[in-house]
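Single-structure report; data block below.
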Amino acid sequence: MERRFFIARGSNRYQHLPAAEQLEFVQTDKQAAARLFGDFGYEPALPGLGEYDGADQIRQKLRLWATDVALTSDDIVVLHFADHGVTAPSDRHYLFCWDSSPEDLAATALATEDLVRIPCNGDLRHLLLVLDTCAGGAGSAEATALALQRVVYGTPSGSASSGLWFLASARRKDIAGDGKFTAALTEAVAVTSGRTGQRQQYLDLT
């Protein structure tokens, strides 16, 4: 039996970033995204994830949740991240947490591919990753997409994943506007829903 889960994480406060780099609209964006996916039957999970949490806390909460609900190949999970994002010199894409340090990303920030690896550690085969973050460097979106494909395309049962979708608010070298993406996504979904009608089971992500 199919289940649909929506997980949003993001912080509007960052301990080691200046006032000008705090994100005013993160909480509003998370609420709007939850309403949007809720209208499509997605159940909110892990509310408040990321608020004053460090990287280890977030990974632990996500791991315990995934184990508790026992995700199956029939389930669909949406991960929505509204944070500062940056690409390290190694081309690894990181998401900032409350206490992340720009000088030590590997120890204090969340590697995007690691967060996806946690729910996909079992038999989950349908995942949408929404990154509302700055690209932070050349090719980060493309590099992250390839990394995530390597993570998800191959489950413990040996079968290939049938559904990994990747949606980003910023392209290579782009800066994501605070509070812009979720409003645009909501409008796009409304327009697409109106065009496809009630008989269409899924919306075209493009």
Side-chain angles (χ1 to χ4, degrees), residues 6-27 29-30 33 45-46 48-66 77-121 124 127-153 161 164-182 185:
F6 173 80
I7 298 175
R9 77 149 304 263
S11 176
N12 60 344
R13 299 288 301 165
Y14 299 91
Q15 186 178 15
H16 300 297
L17 295 181
E21 295 184 28
Q22 306 301 318
L23 299 178
E24 179 181 356
F25 298 105
V26 164
Q27 300 306 324
D29 286 346
K30 288 166 58 177
L46 294 176
L49 184 68
E51 298 174 12
Y52 297 102
D53 285 334
D56 288 341
Q57 292 172 295
I58 294 171
R59 281 191 289 262
Q60 179 79 337
K61 288 179 180 180
L62 189 58
R63 182 186 66 81
L64 292 174
W65 171 81
V77 175
V78 173
L79 298 177
H80 178 278
F81 301 141
D83 290 289
H84 279 298
V86 64
T87 302
S90 62
D91 286 336
R92 203 176 195 196
H93 189 269
Y94 289 94
L95 300 169
F96 271 65
C97 306
W98 148 251
D99 59 353
S100 294
S101 170
E103 287 74 35
D104 193 2
L105 295 173
T108 64
L110 285 163
T112 307
E113 63 190 81
D114 288 347
L115 275 184
V116 175
R117 185 178 282 110
I118 294 172
C120 293
N121 192 40
L124 180 67
L127 179 107
L128 168 62
L129 173 66
V130 182
L131 280 185
D132 187 5
T133 72
C134 296
S140 65
E142 295 92 332
T144 302
L146 291 174
L148 297 179
Q149 288 173 9
R150 289 195 295 269
V151 170
V152 180
Y153 290 159
S161 171
L164 168 66
W165 296 273
F166 176 65
L167 185 60
S169 63
R171 296 167 295 181
R172 49 187 297 153
K173 297 186 180 180
D174 279 355
I175 303 298
D178 186 18
K180 303 293 185 182
F181 176 71
T182 303
L185 178 61

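A donor-acceptor pair is defined here as one N or O able to donate and one able to accept, closer than 3.5 Å; such a pair exists between the side chain of Thr112 and the backbone of His93.
With sequence neighbours left out, Leu64 forms a side-chain contact (heavy atoms from CB on, under 4.5 Å) with Gln60. Contacts of Glu51 classified as salt bridge (Lys or Arg N to Asp or Glu O under 4.0 Å), with partners at least two apart in sequence or in another chain: Lys30. By the ring-ring contact (aromatic ring centres under 6.0 Å, His included) test, Phe81 pairs with no residue at all, sequence neighbours left out. By the side-chain contact (heavy atoms from CB on, under 4.5 Å) test, Gln57 pairs with Asp53, sequence neighbours left out. For Asp99, there are no salt bridge (Lys or Arg N to Asp or Glu O under 4.0 Å) partners two or more places apart in sequence or in a different chain.
How far CG of Leu95 is from CG of Asp132: 11.0 Å, rounded to the nearest 0.5 Å. Taking SG of Cys97 as the reference point, atom CG of Asp56 lies at 9.0 Å (rounded to 0.5 Å). Within the model, atoms NE2 of His84 and CG of Asn12 stand 10.0 Å from one another, a figure rounded to the nearest 0.5 Å. Rounded to the nearest 0.5 angstrom, Leu127 CG and Trp165 CH2 are separated by 8.5 Å. Here the CG-CD1 distance, from Leu46 to Ile58, works out to 10.5 Å after rounding to the nearest 0.5 Å.
Of all heavy-atom pairs between Trp65 and Ala45, the closest is NE1-CB, 3.6 Å. The two residues Ser100 and Ala109 make their nearest non-hydrogen contact at OG-CA, 3.5 Å. In terms of heavy-atom proximity, Pro119 sits nearest to Ala66 at CA-CB, 4.3 Å.
Side-chain contact, His16 with Ser101: no donor N or O sits under 3.5 Å from an acceptor N or O.
Residue pairs meeting the salt bridge (charged side-chain N to carboxylate O under 4.0 Å, His left out) criterion with at least one partner in residues 9-21, sequence neighbours excluded, are Arg9-Asp83.
Between Leu185 and Leu167, some side-chain heavy-atom pair lies under the 4.5 Å cut-off. Inter-residue side-chain proximity for Leu105 and Phe96 is flagged as met; some heavy-atom pair is nearer than 4.5 Å.
The side chain to side chain contact (heavy atoms under 4.5 Å, CB included) test with Pro102 is passed by exactly one of Thr108, Val86, Leu17: Leu17.
Relative ring orientation between Phe6 and His80 is described as tilted, the plane-to-plane angle lying within the 30° to 60° band.
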